[in-house]
Novice: 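After the structure tokens below, expect a handful of questions from me.
Throughout, numbering of the chain's residues begins at 1 and tracks the sequence.
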Amino acid sequence: MKSSQGRANNIENSILGKITKAGKGIFSRKGYILVTPDAKCGARGYSVVLSSAEEGTGASPHVCGIPTEFVGDLIENDLVLIQPNGTVSVVWESISHQNGLLLTEACNCKCLMCPQPPKAHDVERVRISNATLDALNPKDVTTICLSGGEPTLIKEEYVKTITRVRTKFPKARVTVLTNAKTFEDFDYAKRCAIQGPDNIIYCVSLHSDNNRDHDRIVGVPGSFEKTIKGLTNLAKLRVPIEIRFVVNKINASRMNSFGEFVYRNFPFVAHVAYMSMEIRGLAEDNMSEIWIDPYNYGKEITEAVSRLSIKGIPTSIYNMPLCLLPESGWKFARQSISGWKNDYLPQCEGCAVQRECAGVFTSSTRQSEHISPLRPMTFHSA
């Protein structure tokens, strides 16, 4: 989630509230956070006042000194979490269709390319997620993503969360990012299938067609077998599944064989996504072991998704700029990067296909050396 740092005053506990820049009537301010250039204005009734001004109000809870750019990007009805130390984080963007709830940072894997290294579970994460769901209007919510860490690790709290989502947001499309290892327990998988929303899909990370490479990538022996069992149990329960394959130096040569493995063993999957890496966190630490320039596998990834698509399995390419793919792969490329960390590089200026391009992770510390603007005459075929 995007966040910024300011100076907090009179804030003893974390506060979750909706942004308003237009202001509210005196009796409609409960639960709202006022964004104003004048931090000394009257703020009675608001949960907090946010401002880029250097000084704030006296006794009213406020955070001042927030960077002007961050304040300017806040939109009416965004949900924001404010910490006593002055950290301001956007937990739900009102106009985005890519919002998610981080249920836990704990994980039962330690993937070499993980952009968010695992941490011990903090129950505050669940509290914030529940408060976020409580604050949302079902009419305004079309999609919800549940993520971690590994969100299914928190067992009872996870079941309670998906039950709450099913009850309050029956029309929302729900995506769960998971490694599916906990679903090797059929009884737990069954509970989640019964309690979860009807319109749910589990996006399962599977990084090879063999246990040697997969377990090396995720850092935990036996993970391949558990994920396969979890996938099988979800399939038995007729829960929709997407399989996600994050391309790195270890598994890049197995993209085609992985596709064949999926077709033979999981022809029922709703979708397969081949994904380029976000270089941050553990990916930075393990750069020499996992880094491969996406340009160097552009033809191979296009061939792999084309083969699966021909066999009737919906397949996409995530997180790859179009200039790194042969033109025949463009129809599979999706604008998949979360809006708050998605942008284009200076060298992308003037590109003829920028509006259709996924762009890059602004959070990545390394980018392909081959990103360049495409002109109509530079389009190339595989």
Side-chain angles (χ1 to χ4, degrees), residues 1-2 4 67-70 72-73 75 90 93 95-99 113-116 244-253 255-256 259 271-281 283-284 286-288 290-310 314-382:
M1 64 184 77
K2 63 181 179 182
S4 188
T68 303
E69 182 179 355
F70 182 85
D73 287 341
I75 303 296
V90 180
E93 295 182 84
I95 62 172
S96 174
H97 296 292
Q98 296 178 318
N99 287 300
M113 67 294 182
C114 180
Q116 184 177 299
R244 295 188 167 194
F245 179 97
V246 180
V247 185
N248 58 75
K249 187 162 68 175
I250 296 169
N251 63 12
S253 64
M255 283 187 283
N256 273 317
H271 186 244
V272 175
Y274 285 77
M275 307 172 66
S276 285
M277 294 179 289
E278 177 184 7
I279 304 300
R280 58 179 294 195
E284 281 187 280
N286 299 303
M287 187 77 74
S288 62
I290 54 96
W291 171 254
I292 178 172
D293 193 314
Y295 178 82
N296 293 332
Y297 60 75
K299 292 183 178 179
E300 289 77 7
I301 199 171
T302 298
E303 180 182 357
V305 297
S306 297
R307 286 184 176 184
L308 266 180
S309 180
I310 289 172
T315 311
S316 300
I317 299 172
Y318 286 176
N319 310 342
M320 281 193 73
L322 295 180
C323 59
L324 304 183
L325 288 168
E327 192 174 349
S328 58
W330 290 4
K331 62 184 177 182
F332 299 105
R334 306 288 178 255
Q335 292 178 310
S336 51
I337 301 173
S338 298
W340 65 274
K341 53 183 175 181
N342 179 214
D343 207 346
Y344 301 90
L345 300 178
Q347 58 263 41
C348 298
E349 186 174 349
C351 180
V353 294
Q354 182 171 315
R355 293 183 64 179
E356 292 77 38
C357 182
V360 300
F361 285 102
T362 55
S363 50
S364 283
T365 58
R366 183 167 182 175
Q367 305 288 354
S368 169
E369 298 177 357
H370 298 272
I371 294 176
S372 59
L374 291 173
R375 317 292 185 192
M377 295 300 294
T378 65
F379 294 175
H380 56 287
S381 299

Novice: Considering residues at least two apart in sequence or located in another chain, which fulfil the ring pair (Phe, Tyr, Trp, His ring centres under 6.0 Å) criterion with His370?
Specialist: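 Ring pair (Phe, Tyr, Trp, His ring centres under 6.0 Å) list for His370, sorted by chain: Tyr295.
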Novice: What pair of heavy atoms forms the shortest contact from Gly259 to Leu308, and how long is it?
Specialist: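 Looks like O-CD2, 3.5 Å.
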Novice: Would you say the side chain of Trp340 lies within less than 4.5 Å of the side chain of Val90, judging by non-hydrogen atoms?
Specialist: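 Not in contact.
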Novice: Only pairs under 3.5 Å count here: list side-chain donor-acceptor contacts from residues 347-364, not counting sequence neighbours, and write none if there are none.
Specialist:
from, atom 1, to, atom 2, distance (Å)
Thr362, OG1, Lys341, O, 3.3
Ser363, OG, Glu278, OE2, 2.4
Ser364, OG, Ile279, N, 2.9

Novice: Met320 vs Ile301, test: side-chain contact (heavy atoms from CB on, under 4.5 Å). Steps then yes/no.
Specialist: CA-CA 10 Å; Met320 281 193 73; Ile301 199 171; 4.0 Å; yes
Novice: Output the distance between atom CE (Met275) and atom CE (Met113), rounded to the nearest 0.5 Å.
Specialist: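 Reported to 0.5 Å precision, the distance equals 9.0 Å.
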Novice: Holding to side chain to side chain donor-acceptor pair (under 3.5 Å), I want the full list of residues that pass it with Ser306, two or more places apart in sequence or in another chain.
Specialist: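 With neighbours one apart ignored, the set is empty.
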Novice: Show the nearest heavy-atom pair for residues Leu324 and Ser368, with the distance to one decimal.
Specialist: CD2-OG, 3.5 Å
Novice: Do Trp291 and Glu284 come within less than 4.5 Å of each other through their side chains, counting heavy atoms only?
Specialist: no
Novice: Just wondering, are more than 12 heavy atoms of other shown residues or ligands nearer than 6.0 Å to CD1 in Ile75?
Specialist: yes
Novice: Hey, is the main chain of Val305 close enough, under 3.5 Å, to the side chain of Ser309 for a donor-acceptor pair?
Specialist: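 No: the side chain of Ser309 does not pair with the backbone of Val305.
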Novice: Is Val247 close to Met277 at the side-chain level, that is, under 4.5 Å between some pair of heavy atoms?
Specialist: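 Result no, sub-4.5 Å side-chain heavy-atom pair not found.
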Novice: Listed by chain and number, what are the side-chain contact (heavy atoms from CB on, under 4.5 Å) partners of Ser96, not counting sequence neighbours?
Specialist: Glu93, Gln98, Asn99
Novice: Just by modelled atom types, is the Phe70 backbone N or O under 3.5 Å from a matching donor or acceptor in the Asp73 side chain?
Specialist: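 Such a contact is absent between Asp73 side chain and Phe70 backbone.
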Novice: Taking only residues two or more places apart in sequence or in another chain, which ones pass side chain to side chain donor-acceptor pair (under 3.5 Å) with Thr315?
Specialist: none
Novice: Please report the interatomic distance NE2(His271) to CZ(Arg244), rounded to the nearest 0.5 Å.
Specialist: 8.5 Å
Novice: Using side-chain heavy atoms (C-beta onward) and a distance below 4.5 Å, is Asn256 in contact with Glu300?
Specialist: no
Novice: Among all residues two or more places apart in sequence or in another chain, which pass the ring pair (Phe, Tyr, Trp, His ring centres under 6.0 Å) test with Tyr274?
Specialist: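 Once residues adjacent in sequence are excluded, the partners of Tyr274 under the ring pair (Phe, Tyr, Trp, His ring centres under 6.0 Å) criterion are Phe245.
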Novice: For a quick test of reading the model, state the closest non-hydrogen atom pair linking Ile292 to Ala252 and the distance between them.
Specialist: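 Heavy atoms of Ile292 and Ala252 come nearest at CD1-CB, 3.9 Å.
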Novice: Check Ile250 against Asn248 and note the closest heavy-atom contact, atom names and distance.
Specialist: N-OD1, 2.9 Å
Novice: On a heavy-atom basis, which atom in Gly298 and which in Leu325 lie closest, and how many Å separate them?
Specialist: O-CD2, 3.9 Å
Novice: When you measure from the side chain of Trp330 to the backbone N and O of Leu322, does any donor-acceptor pair fall under 3.5 Å?
Specialist: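 Yes, the answer is positive, given that a donor and an acceptor are paired below the 3.5 Å cut-off.
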Novice: Answer yes or no: is there a donor N or O on one side and an acceptor on the other, between the side chain of Asn319 and the main chain of Ser276, under 3.5 Å?
Specialist: yes
Novice: Less than 4.0 angstrom from a charged side-chain N to a carboxylate O is my criterion; do Glu303 and Arg307 meet it?
Specialist: yes
Novice: Please find the pair of heavy atoms, one from Pro67 and one from Ser4, that lie closest to each other, and give the distance.
Specialist: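 Looks like CD-OG, 3.0 Å.
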